[in-house]
Amino acid sequence: MMKKKLILETINMIKLHNLDIRTVTLAISLRDCVSEDIDVVCEKIYNKITKYAKNLVEYADELENDYSIPIINKRISVTPISMIGEACTNPDYVKIAQTLDRAAKEVGVNFVGGFSALVEKGFTKGDKLLMEAIPEALATTERLCASINLASSKAGINMDAVLKMAETVKKAAELTKDKDGLGAAKLVCFCNSASDNPFMAGAYCGVGEPEYALNVGVSGPGVVRAAIEALPDDADMSDLANKIKQIAYKITTTGELVGRKLAKRLDVPFGVIDLSLAPTPAEGDSVAGIFQAMGLEHAGAHGTTAALAMLNDAVKKGGIMASSHVGGLSGAFIPVSEDAGMIEATTKGYLTFDKLEAMTSVCSVGLDMIAIPGDTPVTTIAGIIADEMAIGMINKKTTAVRVIPVVGKGVGDRVVYGGLLGEAPVMPVNKLSSANFVCRGGRIPAPIHSLNN
C-alpha cells in the first residue's frame, strides 16, 4: 500500500504540478583539445563533443518514455573556453564559439555552456580575448551560453572585469537588438561560480571535474506550492519547513533515479544533482506562487525575503538527504522573466529592483533575467554587477547577474522571448551615477573571513 501511495503521489506531481527533470547536462572536459593551431582546436572540440554526446538526447528521450518523467532540456557544458584557446598562435574565439554551436546542433542539445573565463583575481591573455569575443559569439550562434566569474570570497572582486563585463553585456544586447537583446539573456556574471552547475547560462566543466560526467537539475515549484496549500491554515513555520523538506526529498529522489539511469546508459560517471526550484512561465510552476501559498499577498510584500530564506534552506535540507552528491547551485531561483508570478509582481510594481537585490542575499543565484532600459549607462550596469558580487563575496555564496539592456525600449515596455526564457516588463533602475566609483578599477579585497586556512 505504501509503494502504491508513493507511485500515485509521484504521478500527481508530474501530471498536476509540473514536476520535471529540468535538465540533464553532460559535462565534457576539453583540456586535451589544446593546440597552437586554431583549426586543430576546433576540429578536436567538434569531434570530442559529437563523440561523447551523440546519444545524450536519444537516451534521455528513452528514459522519459520509460519512466513517464519529463526531461525538459538536454545540455552540454565544457571546460572554460578561455583556457582552451589561449595557446593558439592565431586565437579566434568566435570561431571556437561557432564550432561549439555547430556541435551542439549536431547532437541535438538545447544549449552548450562554457564559453567562460574565471577572472576574479585577474586576466590572462585568453581571458581578455574571450571577453572581447562574447558579443559577436552570442550574436552569431544559436545555442551558445557564456559566463564570467568576476569575484569570489577568497579573491575579492575584480572591478576592472566588472566594468569590462558591463560593456560586454551592453554590446551583446546591441548586437541582438532585433531579438530584444537576446545575446545578453545568454550571458551571466558570477561570484563564486559552481564548476558542476547544470543550469544555463552559467554551466561549465570546471578544471577539477572528471573527463566527463552527467549532472542533473531537478525542479518542482508547483509541487512545493501544492504541498503547502494542503496544510491546515494554522500550520506554523516549522510545519511549513518540514513539509518543504519532505517534498524536496521526493523531488531529489526522482532526479537521482533518472540521472543515474541515464549516466549508466551513456557509460559516464554520475556527477551531481542540483536540487533547485527553477520556475517556468507555465501557470502553477512559480516560486512566487509558493510565497502566496505561505501567506503573503504576493511576491514583493514585506516578508518575501524571509519566506525565500526559509524555502531555500528547507529545499537544501530535504534534498541533501536524498543524494550523496548534491552540487551545482541547489535552492530556489528567482528569474524575473521565467516565473509567471514574478512577471506579474514586477508588472504590477510589487517587486522593485532593490527588493530583488535584497532577495538575492538568501536565494541560490541572483539578479536573473531582468530587462532594463536600453539607455542604461554602462557604469550603472557595472554598479549593479558590483553590488551583486559583493553580496556573494561577503555571504560566501553564489550570486549572479543576468540583466538585459533592451535597445529602444524603456520602463513599462515588454520583452518577449518565448519558451523557458519567458517575457518581462522593462524595469527602472536607479538614476544616480556610479561612474566615479566603478571606474576606479583595481580589486576590492576579499573579506577578513576569507583567511580561514
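What you see below is based on every heavy atom in this structure, not just the backbone, and it leaves out hydrogens, waters and symmetry mates.
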As a quick check of understanding, evaluate side chain to side chain contact (heavy atoms under 4.5 Å, CB included) for I334 and L308, giving each step before the final call.
CA-CA 9 Å; I334 53 170; L308 179 58; 4.2 Å; yes

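- To the nearest 0.5 Å, the span separating CE on M310 from CD1 on I290 amounts to 10.0 Å.
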Could you go through T360 and E388, starting from their C-alpha distance and side-chain angles, then the distance that decides it, and tell me whether this counts as side-chain hydrogen bond (donor to acceptor under 3.5 Å, both in side chains)?
CA-CA 8 Å; T360 66; E388 197 59 35; 2.7 Å; yes

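- Between E132 and K128 no salt bridge is recorded (no basic side-chain N to carboxylate O distance below 4.0 Å).
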Please step through side chain to side chain contact (heavy atoms under 4.5 Å, CB included) for the pair V401 and V188, ending with a clear verdict.
CA-CA 6 Å; V401 174; V188 59; 6.0 Å; no

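- Note that SG of C205 is 12.0 Å distant from CG of N197, once rounded to the nearest 0.5 Å.
- Annotation for H302: atom NE2 does not count as buried by contact number, only 12 or fewer foreign heavy atoms lying within 6.0 Å.
- A side-chain donor-acceptor contact under 3.5 Å links N312 to the backbone of V362.
- A side-chain contact (heavy atoms from CB on, under 4.5 Å) with I251 is found for exactly one of L275, I273, V218, I21, namely V218.
- A salt bridge links E229 with R225: the distance from a Lys NZ or Arg NE/NH1/NH2 to an Asp or Glu carboxylate oxygen falls below 4.0 Å.
- With contacts defined as side-chain heavy-atom distances shorter than 4.5 Å, the pair L100/V78 qualifies.
- Considering every non-hydrogen atom in both M200 and V112, the closest pair reads CE-C, 4.0 Å.
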Apply side-chain hydrogen bond (donor to acceptor under 3.5 Å, both in side chains) to N149 and E120, showing your working.
CA-CA 6 Å; N149 195 69; E120 59 268 27; 3.1 Å; yes

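- Between the side chain of D368 and the main chain of V336, no donor-acceptor pair closer than 3.5 Å is present.
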Is there a side chain to side chain contact (heavy atoms under 4.5 Å, CB included) between T252 and S323? Walk through the geometry before answering.
CA-CA 7 Å; T252 306; S323 174; 4.3 Å; yes

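- Considering every non-hydrogen atom in both A314 and A248, the closest pair reads O-CB, 4.4 Å.
- Listed for the D339 side chain is no donor-acceptor partner under 3.5 Å among the backbone atoms of P279.
- The shortest distance between side-chain heavy atoms of I228 and M294 falls below 4.5 Å.
- Residues N192 and S153 have side chains that bring a donor and an acceptor to within less than 3.5 angstrom of each other.
- For S82 (side chain) and L130 (main-chain N/O), no donor-acceptor pair under 3.5 Å exists by modelled atom type.
- D180 and K409 are joined by a salt bridge, as a carboxylate oxygen and a charged side-chain nitrogen come within less than 4.0 angstrom of each other.
- Contact of the K74 side chain with the T25 side chain is not registered, since no non-hydrogen atoms from C-beta on lie closer than 4.5 Å.
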Before giving the answer on ring pair (Phe, Tyr, Trp, His ring centres under 6.0 Å), spell out for F115 and Y204 the whole-Å C-alpha distance, their side-chain angles and the decisive distance to 0.1 Å.
CA-CA 8 Å; F115 198 74; Y204 67 90; over 10 Å; no

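- What you find for M393 and C191 is that their closest heavy atoms are N-SG, 3.4 Å.
- Side-chain N or O atoms of S276 include none that pairs as donor or acceptor with a backbone N or O of A278 at under 3.5 Å.
- A salt bridge is absent between R143 and D101: the closest approach of a Lys/Arg side-chain nitrogen to an acidic carboxylate oxygen does not fall below 4.0 angstrom.
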Run the side chain to side chain contact (heavy atoms under 4.5 Å, CB included) test on I244 and V315 for me, step by step, so that the C-alpha distance in whole Å, both residues' side-chain angles and the decisive distance to 0.1 Å come before the verdict.
CA-CA 6 Å; I244 294 168; V315 166; 4.0 Å; yes

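- Here the straight-line distance linking atom CG of L367 with atom CE of M359 works out to 10.5 Å at 0.5 Å rounding.
- Panel note: side chain T254, backbone K250; a donor-acceptor pair is recorded below 3.5 Å.
- F353 places a side-chain heavy atom less than 4.5 Å from the side chain of I370.
- Counting non-hydrogen atoms of other residues, nucleotides and ligands closer than 6.0 Å to NZ of K44 gives a total above 12.
- Nearest heavy-atom pair, V169 versus P405, reported as atom, atom and distance to 0.1 Å: CG1-CD, 3.7 Å.
- When all heavy atoms of V272 and G327 are compared, the pair lying nearest together is CB-N, 3.7 Å.
- With hydrogens and angles disregarded, a donor-acceptor distance shorter than 3.5 Å links the side chain of T176 to the backbone of A172.
- Atom OH of Y350 sits about 6.0 Å away from atom CD of E297, to the nearest 0.5 Å.
- A donor-acceptor pair is defined here as one N or O able to donate and one able to accept, closer than 3.5 Å; such a pair exists between the side chain of Y93 and the backbone of E86.
- Between K48 and E211 a salt bridge is recorded (basic side-chain N to carboxylate O distance below 4.0 Å).
- Taking CG from L240 and CG from L231, the interatomic distance works out to 6.0 Å, rounded to the nearest 0.5 Å.
- Residues T347 and R414 are in side-chain contact: their nearest non-hydrogen atoms beyond the backbone lie under 4.5 Å apart.
- In terms of modelled atom types and a separation under 3.5 Å, the side chain of H298 and the main chain of A288 share no donor-acceptor contact.
- Applying the 6.0 Å contact sphere to NZ of K121 captures no more than 12 heavy atoms from other residues, nucleotides or ligands.
- Within the 4.5 Å cutoff, side-chain heavy atoms of T380 are placed close to those of V429.
- In terms of heavy-atom proximity, R22 sits nearest to S219 at NH2-OG, 3.4 Å.
- The pair K171-E167 does not meet the salt-bridge criterion, since no charged nitrogen lies less than 4.0 angstrom from a carboxylate oxygen.
- Residues E209 and S195 form a side-chain contact, since some pair of their non-hydrogen atoms from C-beta on lies under 4.5 Å apart.
- A donor-acceptor distance shorter than 3.5 angstrom exists from the side chain of K186 to the backbone of E142, with no hydrogens or angles considered.
- Side-chain contact between Y417 and L182: present, with at least one pair of heavy atoms (C-beta onward) separated by less than 4.5 Å.
- The CD1 atom of I84 lies 11.0 Å from the OG atom of S116; values are rounded to the nearest 0.5 Å.
- At a threshold of 4.0 Å, the pair K243-D239 does not count as salt-bridged, since none of the basic side-chain nitrogens sits closer than that to a carboxylate oxygen.
- Around atom CG of D267, no more than 12 heavy atoms belonging to other residues, nucleotides or ligands sit under 6.0 Å away.
- Residues D160 and R440 are not paired through a salt bridge, judged by the lack of any N-O separation under 4.0 Å between the basic side chain and the carboxylate.
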